[in-house]
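Computation of the quantities below employed the complete heavy-atom set of this structure, encompassing side-chain atoms and omitting hydrogens, waters and symmetry-equivalent molecules. Below, chain A is the first sequence line, B the second, and so on; all start at residue 1.
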Number of protein chains: 2
Amino acid sequence: MRRKTMRDVSVATGLSTYTVSRALSGADGVSAESRAHVLKVAREIGYIPNRAAQELRRANRDSIAVITASTSNSYYLDLMEGIHHELRSTGRAVIVGDIAIDGAYSAELEDQLVRRLIESRTAGVIATLTLTPENLKLLDQWDVPVVFVDSDPPEDARHYPSVTTDNYAASLTVGHHIASHGYGNWLLLMYPGKWSTRFERERGIREAAAKHSADLTVVECENNDLAAQKALTLHLEGAARLPDVLIAGNNPLLLGALRYCRAKEIGIPDNMAVVSFDDFAWAPLMDPPLTVLDEDSKSIGSRAAATLTAIIEQQIESEKRNQSTKPDYKPEYRQQMPARLVVRRSCGCASAT
Amino acid sequence: MRRKTMRDVSVATGLSTYTVSRALSGADGVSAESRAHVLKVAREIGYIPNRAAQELRRANRDSIAVITASTSNSYYLDLMEGIHHELRSTGRAVIVGDIAIDGAYSAELEDQLVRRLIESRTAGVIATLTLTPENLKLLDQWDVPVVFVDSDPPEDARHYPSVTTDNYAASLTVGHHIASHGYGNWLLLMYPGKWSTRFERERGIREAAAKHSADLTVVECENNDLAAQKALTLHLEGAARLPDVLIAGNNPLLLGALRYCRAKEIGIPDNMAVVSFDDFAWAPLMDPPLTVLDEDSKSIGSRAAATLTAIIEQQIESEKRNQSTKPDYKPEYRQQMPARLVVRRSCGCASAT
DNA sequence: TTGATAATGCTAAACGTTTAGGGTGTCAAG
DNA sequence: CTTGACACCCTAAACGTTTAGCATTATCAA
């Protein structure tokens, strides 16, 4: 069966493609009778429009993309839920682009993806990591608005919208709590600076350590569980003694850390306490239940989506008025959300939540 | 800055769009000199092709879609990893379509998605659940090949390719292991039949129960943790005593079940043993470590992707030869993979893996 | 010198929509 | 009988690529 085109519907109804198009799209200038006829016939002969042709003709950008490199991070699912929830009503499609290969960020994939997004004239981008300045510039050249979530734009582009946790304050909270247990020897396990949350988190911890005059060591590794386990093995191999507390920078690193402890039979929190960023569903069911800093990823996602659609809508408006189609980034689009420490038992506390 | 088109490159180089097109796409019929010139100029003026126009003209279908409704299920990530891994080299893009709203399957979203996939002339579909017969027929009408993973096609369309675990054999294994602990009272917590693995899994458990003359109760609920917890509460509320063992049909249901146990202070495995389908990263770190049936989701994903691309390639071939463009579903495309029981402690065994 | 062959590049026609600009018919008011 | 307003619909020209069908030039053997 040959693919049906609008022309087929046109012939079958005896109406022009103009009328068919308007009838199907719900635009007016078509009698109710004609419209009904068109819809009926279209259904009967199994016509489905060709999106490529539509997009070409109306130069329309109707889907938005999420760029991520850590789908295994627990916060990702909540984030996506927030984004979908917010976008469901707008009719925009969400496409997710994962630019990690085997859990490690790939610059090459980032370039490819950004190019592809421009090729398909994506309406806007939500980035979960700090894009390269080149790619950001490219997107800017093509007037594609970008909103950063849970990460910042690059150094020289601070005016971009972003929805982040107040990671500095959050880390301070974590640090103070740790200190309250009397731990003097801290180990912070951290992912690369590609995810800019890293810097604020480290700053908070560092400051708290200084304030409570604790020793702090920072170990960096790739953003996945295997790398974390390996880095920890390497670092603690020759060490005279374990740190009092291990702070895992995020969810995948926590997994690696816990695996390490299990392998070396390190008791938590007796031999070494553990706290981590990012709460997740299984955390309360672990052995022991994990003390964790919880950020509200779902809200972050929906806020980011809302911000992005606002920008896009405005872009469409000003295009209609023949004004600039550059996205208008208002200062108030830069938002910070609070986080909350969920105390369970891995930090050394005896109480449940 | 106006958007650049191929015409701009053509003017800037003094070559026709024909030559520009061929140069950029790497086709021959262009001198090395011209090609270099075109590439240089294209880069300079910041030209990026318009994908809608390309797709319209070459009627090409170059991306494949994954239809899923349970992204929170742990096997999903592994599955996607396998799919990406296999597809990376082919240059095909993967788009994932989530047809769940707040964790529950939505028929409406399925219809929307399938329509949209046809609109954008998607090359092929990997379905992680049993599609409705209507949608399958629609995809078939448009010659879009479909491969089912970890689920079967609908009743009347058994000739479709599928890559599944041998769930019947796997469930028998689970059942026998449970029985070896002497449990006589089993509770099976199950998701809806929309995911067809349900039937084989239930059949295996049922048969094992019969063979070992154990009492089996099956409780069904929506495919998410909250629903599982609620269903369990409801079912066990008035019960005289707990079952000896709880079998969770999959990962989200397991989460709900464990939450329930935690809330009611039911000790595992002493008060009630727990086993589950689908292994996941945190399972060995839980309290207690979970006995689980592990299917090799990554391999399933890559096999499915390989099968789908094979079908698509062949479709392209026979289209060139002006033969039918109907996908050719060979019987050997129906594949079953073995699964493996990972014994930890929640089943009542004392030993670690 | 000639004809054959290969290499390179051009023109113009698609691909399947949307939509500007116009045409027709009806009806009420002047 | 005009005129204008309105509702409905049509024709034809876009949108930005790819590609069939030629045209030109260079190269080379006879």
Side-chain angles (χ1 to χ4, degrees), chain A residues 2-39 41-42 45-62 115-116 118-121 142 316 319-320 322, chain B residues 2-39 41-42 45-62 115-116 118-122 142 316 319-320 322 325:
Chain A
R2 218 187 77 267
R3 311 256 198 289
K4 300 296 181 180
T5 75
M6 188 175 268
R7 170 126 273 117
D8 294 315
V9 183
S10 163
V11 170
T13 54
L15 293 160
S16 74
T17 60
Y18 170 88
T19 309
V20 174
S21 173
R22 312 232 63 168
L24 290 174
S25 72
D28 52 33
V30 187
S31 69
E33 195 188 5
S34 299
R35 163 159 300 143
H37 188 199
V38 167
L39 290 175
V41 171
I45 71 175
Y47 167 71
I48 294 191
N50 182 325
R51 196 164 273 260
Q54 290 181 324
E55 287 180 353
L56 174 59
R57 177 54 225 230
R58 39 186 197 214
N60 86 329
R61 313 152 138 231
D62 74 340
R115 209 187 138 81
R116 186 169 184 120
I118 295 178
E119 284 181 0
S120 47
R121 307 302 189 251
W142 290 83
I316 295 174
E319 187 164 8
K320 272 188 196 150
N322 276 323
Chain B
R2 219 190 74 266
R3 309 258 198 286
K4 302 295 183 181
T5 75
M6 188 175 266
R7 171 126 273 119
D8 294 313
V9 183
S10 161
V11 170
T13 54
L15 293 160
S16 74
T17 60
Y18 169 87
T19 309
V20 174
S21 173
R22 312 232 64 173
L24 290 174
S25 71
D28 52 33
V30 186
S31 70
E33 196 187 6
S34 300
R35 164 160 300 143
H37 188 199
V38 167
L39 290 176
V41 170
I45 70 175
Y47 167 70
I48 293 191
N50 182 326
R51 197 163 272 262
Q54 290 182 324
E55 288 182 352
L56 173 59
R57 178 53 228 231
R58 38 187 198 216
N60 84 329
R61 313 151 138 233
D62 75 341
R115 208 187 141 82
R116 186 169 185 121
I118 295 178
E119 284 181 0
S120 48
R121 308 300 189 249
T122 306
W142 290 83
I316 295 175
E319 187 164 10
K320 273 187 195 152
N322 276 323
T325 62

Quick one, A:Y47 and A:V20 - any side-chain contact, counting heavy atoms below 4.5 Å? no
When all nucleic acid strands are considered with a 4.0 Å heavy-atom cut-off, which category describes B:T19: base, sugar-phosphate, or nothing? sugar-phosphate
How would you list, by chain and number, every residue that makes a salt bridge (Lys or Arg N to Asp or Glu O under 4.0 Å) with B:R58, sequence neighbours excluded? none
For B:S25, all residues meeting side chain to side chain contact (heavy atoms under 4.5 Å, CB included), sequence neighbours excluded: B:A27
5' to 3' contact window, DNA chain D with chain A (heavy-atom distance under 4.0 Å): D:dC8 to D:dG16
Describe, as an angle rounded to 10 degrees, how the axis at the first end of the helix from C:dT1-D:dA30 to C:dG30-D:dC1 is tilted relative to the axis at the last end, five pairs per end. 60°
Looking only at heavy atoms, what is the nearest atom pair of A:R35 and A:G26, with distance? NH2-C, 3.7 Å
Per nearest nucleotide of DNA chain D, the residue lying toward the 5' end, B:L56 or A:Y18, is A:Y18
Which donor-acceptor pairs under 3.5 Å do side chains of residues 9-18 of chain B form with protein atoms, sequence neighbours excluded?
| unit_1 | atom_1 | unit_2 | atom_2 | d |
| --- | --- | --- | --- | --- |
| B:S10 | OG | B:L15 | O | 2.6 |
| B:T13 | OG1 | B:V9 | O | 2.9 |
| B:T13 | OG1 | B:S10 | O | 3.2 |
| B:T13 | OG1 | B:L15 | N | 3.2 |
| B:S16 | OG | B:Y18 | N | 3.3 |
| B:S16 | OG | B:T19 | N | 3.3 |
| B:S16 | OG | B:T19 | OG1 | 3.3 |
| B:Y18 | OH | B:R22 | NH1 | 3.4 |

Measuring from atom CG of A:L24 to atom CE of A:M6, what distance do you get when rounded to the nearest 0.5 angstrom? 5.5 Å
Let me spell it out: for each of A:S34 and B:S21, pick the nucleotide of DNA chain D with the closest heavy atom. Which residue's pick is nearer the 5' end? A:S34
When rounded to whole Å, the CZ to C1' distance for the pair B:R35 and C:dG9 reads 13 Å
Option passing side-chain contact (heavy atoms from CB on, under 4.5 Å) with B:D62 (candidates B:R51, B:R121, B:Q54): B:R51
Could you tell me the separation between the CZ atom of A:R116 and the CD1 atom of B:I48, rounded to the nearest 0.5 Å? 13.0 Å
Output for pair (B:L56 CG, A:E55 CD), nearest 0.5 Å, gives 10.5 Å
Under a 4.0 Å heavy-atom cutoff, the residues of residues 24-33 of chain A touching DNA chain C are none
In terms of the nearest nucleotide of DNA chain C, which residue is placed more toward the 5' end: A:A53 or B:L15? B:L15
